[in-house]
Amino acid sequence: MKYNALKGVEDILPPDIFLWQRAETVAKAFFSRYGFSEIRLPIIESTDIFIRSIGESTDIVGKEMYTFPDKAGRSITLRPEGTASAVRCYVEHGLNNLPSPQKFFYTGPMFRYERPQKGRQRQFYQIGAEAFGSEHPSIDAEMIVMLNNLLSELGLKEVEFELNSIGCEECRPAYKASLTDFFRNRLDEYCPDCKNRFSTNPLRILDCKVEHCIELRQGAPSVTDHLCADCRAHFDELLLRLGLMNIKYTLNPNLVRGLDYYTRTAFEVTSQHLGAQKAVAGGGRYDKLVKEFGGPDTPAIGFAIGMERLIALLKDSETAAAPVPKVFIAALGEEADRQAAVIAEGLRRQGTWAELNYAASSLKSQLRKADRLGAEYAFIIGDNELKDGIMQWKNLKTGEQGQCSLKEPASVFNK
RNA sequence: GUGGGUGUAGCUCAAUGGUAGAGCGCUGGACUGUGGCUCCAGUUGUUGCGGGUUCGAUCCCCGUCAUCCACCCCA
């Protein structure tokens with residue numbers, strides 16, 4: 001084998017592809033039911049778009065972007081996520097002039113230059129949804145409910161919804177200040193990573209996994225105790241509505257999302273069956289981002305589902321059933337082979353999946369192939385049948401056999 | 001970027017310091033025009049790559065590449 005796919009980049013083949021297709025079909029059905037329209041976004045964008053939205057200090061921007069100059073020397077980046085493009089698109093096309101909220105979904109590959117591991121690759125697929133133009137908690141609740149319902153429709157069990165509010169630009173600075181005061185006292189006792197986080201993103205210290213850091217941070221101030229009245233009311237209303245719709249969730253005051261643009265509601269769907277990268281979906285509010293992109297002050301919220309992780313969970317409980325041909329036509333002899341092709345074409349025009357052998361071989365091996373393909377029926381044509389204008393048919397599940405006219409092969413299974 | 005594990009047939013894996021085998025798969029036959037079950041036969045390898053030690057390396061050592069898992073970080 002001479003060539004390999006690039007590191008962290010995978011081919012998706014049958015039978016897995018059937019799970020992907022099912023997941024996408026179900027997701028789209030839910031999106032349309034909740035009024036989300038598809039948008040198709042470009043895979044490449046101007047690099048600034050990501051720096052501006054995701055944030056200069058994040059790992060994504062700092063070390064994970066596929067960035068390169070195009071032939072005119074512009075800096076181009078393969079999108080590491082979808083929200084930035086969606087916001088750019090919303091502002092660029094003046095979609096704020098349409099009735100609010102505007103609700104969209106998108107799907108496609110994202111790219112991050114990272115070391116691959118379980119549940120993480122350099123090219124990975126997301127299905128994302130974004131809603132622009134409402135700050136009301138009802139839209140937060142609706143998106144979380146939609147996500148919950150579509151995941152459970154797909155049969156996902158043992159997933160957990162984790163929820164938090166990380167405040168707004170009113171209350172977050174004060175919280176951050178009291179948090180850094182808390183950490184500063186014993187900063188030298190934290191792990192090296194946390195010392196870094198202290199200056200880059202102190203909220204992150206809250207979900208460090210190092211034992212000693214976990215002890216040290218006992219008693220650290222909690223975001224939810226520092227929310228301003230508006231954020232508090234927003235979060236309470238969201239929780240109330242989720243309760244009304246019987247959505248189970250856990251509050252996780254340590255849930256911090258990695259991208260700079262998040263405000264208020266933050267949530268993640270996690271599973272213990274995924275390895276270290278356990279989030280199958282994540283999202284939150286980004287009320288300042290549209291304005292940051294030069295649009296009107298427009299609140300917004302979105303989430304993204306990690307497709308590979310979703311598929312991994314689906315594979316725990318089901319195998320993808322490959323579709324099977326309705327008919328396999330076995331032909332014996334050159335003239336029969338020609339007629340078989342004509343009959344197959346007739347069936348296909350009626351929308352029936354018909355397979356041929358594409359080679360001269362024994363009836364036995366042709367039937368073996370029909371069986372391996374999982375065909376429901378085998379049709380058999382040889383010289384004897386041609387002479388009489390008929391075919392033998394055989395139901396490969398029941399073994400039942402009979403004859404039919406060459407002209408009406410579909411009559412065998414359209415009874 | 002850091003740490004650890006693993007590289008042998010299409011796939012899953014054995015094996016020995018004396019140049020490799022099984023199961024599955026695939027092809028054919030037993031059954032001259034009837035699949036699945038059974039039996040029989042056939043089929044595939046530069047043992048990831050380069051170097052070193054050795055009379056001799058798939059095995060030991062070094063390097064390299066790939067891959068997996070974890071850290072960082074994220075979907």
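Here is the naming used below: chain letters follow the sequence lines, and residue numbers restart at 1 for every chain. Basis for what follows: all heavy atoms, side chains included, without hydrogens, waters or symmetry-related copies. Since the model is a prediction, treat every value here as computed from it, not as a measurement.
- If you take OH of A:Y113 and C1' of B:A75, they are 20 Å apart, rounded to a whole angstrom.
- Using cut-offs of 30° and 60° on the angle between ring planes, the pair A:Y377 and A:F413 is tilted.
- Straight-line distance from the CG atom of A:L156 to the P atom of B:A75: 18 Å, rounded to whole Å.
- Side chains of A:N395 and A:E400: a donor-acceptor N/O pair is absent below 3.5 angstrom, by distance only.
- Side chains of A:S138 and A:H136: a donor-acceptor N/O pair is present below 3.5 angstrom, by distance only.
- Between A:Y249 and A:F161, a ring centre-to-centre spacing not shorter than 6.0 Å is recorded.
- Qualifying side-chain contact (heavy atoms from CB on, under 4.5 Å) partners for A:E114, counting only residues two or more places apart in sequence or in other chains: A:E64, A:R112, A:R120.
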Subject >> Summary of protein contacts for nucleotides 63-71 of chain B, nucleotide by nucleotide, where a base hit scores B, a sugar-phosphate-only hit scores S (4.0 Å, heavy atoms) >> reply: ----S-SBB
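- Rounded to an integer number of Å, the gap from A:K278 NZ to B:A75 C1' is 13 Å.
- Rounded to whole Å, the distance from CZ on A:F161 to C1' on B:A75 is 14 Å.
- The ring-ring contact (aromatic ring centres under 6.0 Å, His included) test applied to A:F31 returns A:F105, not counting sequence neighbours.
- A:A370 comes within 4.0 angstrom of no nucleic acid atom, judged by non-hydrogen atoms across all strands.
- Positionally, the nearest nucleotide of RNA chain B for A:C208 lies more toward the 5' end than for the other of A:C208 and A:Y125.
- In this structure, the side chain of A:T180 engages the main chain of A:K176 through a donor-acceptor pair within 3.5 Å.
- Rounded to whole Å, the separation between the P atoms of B:C65 and B:G29 comes to 49 Å.
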Subject >> Intra- and interstrand pairs of RNA chain B - dot-bracket, Watson-Crick/G-U under 3.5 Å, | marks other strand >> reply: (((((((..((((....[..))))((((((.......))))))....(((((..]....))))))))))))....
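- Scanning for side-chain contact (heavy atoms from CB on, under 4.5 Å) contacts around A:T263 gives A:R172, A:R285, A:D287, with sequence neighbours left out.
- Screening A:F235, A:F182, A:Y175 against A:H226 for a ring-ring contact (aromatic ring centres under 6.0 Å, His included) leaves a single residue, A:Y175.
- For A:Y90 and A:F132, the ring centers are positioned less than 6.0 Å apart.
- The gap from the P atom of B:A14 to that of B:C73 amounts to 36 Å, rounded to the nearest Å.
- Using atom P as the reference point in both B:U47 and B:A20, the two lie 10 Å apart (nearest Å).
- Using P as the reference atom, B:U19 and B:G3 are 38 Å apart when rounded to the nearest Å.
- Nucleotides B:U53 and B:C61, compared at atom C1', are 7 Å apart to the nearest Å.
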**OP:** Could you encode protein contacts along nucleotides 24-39 of chain B as a string, one character per nucleotide from 5' to 3', using B for base contact, S for sugar-phosphate-only contact and - for no contact, with a heavy-atom cut-off of under 4.0 Å?
**Re:** --SSS--B-BBBB---
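- Of the possible donor and acceptor atoms, none in the side chain of A:T77 sits under 3.5 Å from a partner among the backbone N and O of A:R79.
- Comparing B:G25 with B:C11, their P atoms sit 15 Å apart, to the nearest whole Å.
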